[in-house]
Structure formats: structure tokens, C-alpha cells
Engineer: 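Take a look at this one; I'll ask things after.
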Amino acid sequence: MHSRGEGELVKRAKEGDEEAWKKLVRKYAPSIRLIAKKYFIPGVDFEDIVQEGMIGFLKAVRSFDHSKLAGFKPFMEMCVERQIISALRRATRRKDLPLQSKISLNSELGARDMDIDESLSLREALGGFYISLSDLEKSVLKEYLEGKSYFQIAQALGCSLKTVDNALQRVKRKLKKAMDSLSF
């Protein structure tokens, strides 16, 4: 896809165009899985690493500016890699413990191929995910997506590290449920 057209697709997805979201997820989910395969995080399932990659993908879509950057794919890959590397650092530092207690995305259904279930709207699933979040979870997620550490989030919101970790675990469970409904 031409980088200009791809930038427009990302722009439409940011504006809530569900078809644009579907195309982006369909196109880049396999790339995210390939990037995730390059990493090993002790005590963490592969699907958890993929989930971190998906968070990086969401950040990429959210922050991509096609007028300033040449193409979405290199930017997306960089965001996915950085998100996974950040998770690796947190896990090995054992400072924030975000992944050690994380739920496994490799549910009893087992690993699945990354195809969208056409019968369910991506926008609906993600909208339902966001609506399901408490005010605290929304605040924690916003800070987390801005790249802040657990400590920085706790300071900004005036709560404990444990509160931040618990809120992010709930967010990730709810995101998993929304993504599961898409039949990846």
C-alpha cells in the first residue's frame, strides 16, 4: 500500500472508521506476532508478549501523523518493538511487576490465527472495551499509553503502585476479552 494511502487509512481509523480499523488489524497483526517472536520474557507466555505488541500498535495508530512521517509500517514496527522492550525491561527489573502476574492470553481455546471475525465490528468491540473501564482504569490506561512508568502513574494519580498494577491488569483482561470477541 502506498504510504500516503496508508496514512489516510490510519487517519480514518483514528476517526472511528471501523473498516479502516479492520484493514489495519488484518494487515499488521501478523507483523506484530513476528516481532513478538523475537523476544523472550522470563515467566511470560508468548501471547502476553503479543498483547504488549498490540498495545504498541494501538499507540502507533493513535500517534501516527502521515504528514510528518514517511510510512506507517516502519513507525508501527518501532512502536511495537519499543513496547515489547519496555515490558522486557520491567519484567527483568522486577520493579513494576506488570507481567509476572499478568493473565495469559493463551486461553483454554489455545493460540488462534490472526483473522478478524467479520460478524463483529471492531469498533463495537473496542468501544465496548472502553465503556467497560472504570474512571481509574481509563486514567491509568491514558498515562500508560503516554509511556509513563508505574511509579510515574502512581504519583500522577495519587495512588499506590499496587493500585496502578491492579488497574492495568483489569484493563488488560478487558482488552483480552474484547480482542477474543474478534476471533483473532
Side-chain angles (χ1 to χ4, degrees), residues 1-39 41 45-88 98 102 105-107 109 111-133 137-148 168 171-184:
M1 179 180 290
H2 184 269
S3 66
R4 182 90 175 143
E6 190 170 63
E8 290 298 319
L9 187 63
V10 173
K11 181 180 176 194
R12 288 187 4 240
K14 283 199 292 190
E15 293 169 353
D17 181 328
E18 75 180 68
E19 285 304 313
W21 269 110
K22 285 180 183 181
K23 287 178 184 177
L24 285 172
V25 171
R26 250 190 242 117
K27 182 174 182 175
Y28 292 111
S31 295
I32 294 165
R33 292 184 73 78
L34 284 174
I35 293 167
K37 283 183 181 179
K38 296 191 297 186
Y39 295 93
I41 301 175
D45 290 336
F46 172 70
E47 292 299 322
D48 293 329
I49 299 170
V50 171
Q51 181 184 26
E52 287 294 332
M54 288 300 291
I55 291 170
F57 172 75
L58 293 172
K59 287 180 180 181
V61 171
R62 181 175 169 221
S63 61
F64 182 73
D65 182 350
H66 72 281
S67 68
K68 295 180 182 177
L69 299 169
F72 178 70
K73 185 175 183 179
F75 179 71
M76 178 276 304
E77 289 173 342
M78 178 190 68
C79 290
V80 168
E81 293 247 5
R82 285 182 177 176
Q83 183 68 34
I84 292 171
I85 289 168
S86 292
L88 175 61
K102 194 174 208 174
L105 290 184
N106 204 3
S107 67
L109 299 175
R112 298 172 305 266
D113 292 330
M114 300 294 278
D115 292 324
I116 295 290
D117 178 348
E118 296 295 334
S119 68
L120 182 62
S121 156
L122 176 62
R123 187 174 179 191
E124 248 177 45
L126 292 178
F129 155 71
Y130 191 74
I131 290 170
S132 74
L133 299 178
E137 291 164 348
K138 287 176 185 173
S139 297
V140 169
L141 178 61
K142 178 185 175 292
E143 300 285 327
Y144 185 72
L145 290 174
E146 290 173 0
K148 294 183 180 172
L168 272 176
V171 166
K172 290 172 184 179
R173 278 192 299 272
K174 290 174 182 180
L175 178 58
K176 176 201 177 299
K177 185 176 179 183
M179 298 307 276
D180 281 349
S181 71
L182 297 173
S183 299
F184 279 108

Engineer: What pair of heavy atoms forms the shortest contact from A20 to A13, and how long is it?
Structural biologist: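 Reported closest heavy-atom pair: CB-N, 3.6 Å.
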
Engineer: Do F72 and L9 have side chains that approach each other closer than 4.5 Å (heavy atoms only, starting at C-beta)?
Structural biologist: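 No, side chains not in contact.
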
Engineer: Which residues satisfy the side-chain hydrogen bond (donor to acceptor under 3.5 Å, both in side chains) test with K138, sequence neighbours excluded?
Structural biologist: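 Once residues adjacent in sequence are excluded, K138 has no partner under the side-chain hydrogen bond (donor to acceptor under 3.5 Å, both in side chains) criterion.
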
Engineer: Quick one: are L133 and V171 in side-chain contact, heavy atoms under 4.5 Å?
Structural biologist: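 Side chain of L133 against side chain of V171, heavy atoms only: contact under 4.5 Å found.
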
Engineer: Looking at E19 and R12, does any basic side-chain N land under 4.0 Å from a carboxylate oxygen?
Structural biologist: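 Answer for the salt bridge query: no.
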
Engineer: Locate the shortest heavy-atom distance separating E47 from R33; write the atom from each residue and the value.
Structural biologist: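 That closest heavy-atom pairing would be OE2-NH2, 2.8 Å.
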
Engineer: With K11, which residues qualify under side-chain hydrogen bond (donor to acceptor under 3.5 Å, both in side chains), at least two apart?
Structural biologist: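 Here no residue qualifies.
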
Engineer: Determine whether I84 and K38 satisfy the following criterion, side chain to side chain contact (heavy atoms under 4.5 Å, CB included), listing intermediate values before the conclusion.
Structural biologist: CA-CA 10 Å; I84 292 171; K38 296 191 297 186; over 6 Å; no

Engineer: Determine whether F57 and V25 satisfy the following criterion, side chain to side chain contact (heavy atoms under 4.5 Å, CB included), listing intermediate values before the conclusion.
Structural biologist: CA-CA 9 Å; F57 172 75; V25 171; 4.1 Å; yes

Engineer: What distance separates I32 CD1 from C79 SG, expressed to the nearest 0.5 Å?
Structural biologist: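 Answer for the CD1-SG pair, I32 versus C79, is 10.5 Å.
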
Engineer: Do D48 and D45 have side chains that approach each other closer than 4.5 Å (heavy atoms only, starting at C-beta)?
Structural biologist: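 Yes, at least one pair of side-chain atoms sits under 4.5 Å.
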
Engineer: Can you tell me if Y28 and E77 form a side-chain donor-acceptor pair at under 3.5 Å?
Structural biologist: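 There is no such pair between these side chains.
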
Engineer: So, E18 and K23, do they make that salt bridge, N to O below 4.0 Å?
Structural biologist: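 The answer is no: the pair does not qualify as a salt bridge.
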
Engineer: Can you confirm whether K22 sits close enough to K27 that some side-chain heavy atom of one is under 4.5 Å from a side-chain heavy atom of the other?
Structural biologist: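 K22 does not reach K27 side chain to side chain.
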
Engineer: Search all heavy atoms of K14 against all heavy atoms of F64 and return the closest pair with its distance.
Structural biologist: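 Reported closest heavy-atom pair: NZ-O, 2.7 Å.
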
Engineer: How far does CZ of R173 sit from CG of L168, to the nearest 0.5 angstrom?
Structural biologist: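 Going from the CZ atom of R173 to the CG atom of L168 covers 11.0 Å.
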
Engineer: Salt bridge (Lys or Arg N to Asp or Glu O under 4.0 Å), that's the test. Do E137 and K142 meet it? Break it down for me.
Structural biologist: CA-CA 8 Å; E137 291 164 348; K142 178 185 175 292; over 6 Å; no

Engineer: Please assess Y39 against E81 for the test side-chain hydrogen bond (donor to acceptor under 3.5 Å, both in side chains), listing each intermediate value before the final yes or no.
Structural biologist: CA-CA 9 Å; Y39 295 93; E81 293 247 5; 2.2 Å; yes

Engineer: Hey, is the main chain of S132 close enough, under 3.5 Å, to the side chain of K174 for a donor-acceptor pair?
Structural biologist: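 Yes; at least one donor-acceptor contact below 3.5 Å.
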
Engineer: Does some side-chain heavy atom of S63 sit less than 4.5 Å from a side-chain heavy atom of F75?
Structural biologist: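 Yes; the side chains approach each other to less than 4.5 Å.
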
Engineer: I'd like to know if the side chain of Q83 pairs up with that of K59 as donor and acceptor (distance under 3.5 Å, no hydrogens or angles considered).
Structural biologist: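 Short answer, yes.
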
Engineer: List the atom of V61, the atom of L24, and the distance in Å for their closest heavy-atom pair.
Structural biologist: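 Looking at all heavy atoms of both residues, the closest pair is CG2-CD1, 4.3 Å.
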
Engineer: Using every non-hydrogen atom in the two residues, find where G71 and P74 come nearest and quote the distance to one decimal.
Structural biologist: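 That would be O-CD, 3.5 Å.
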
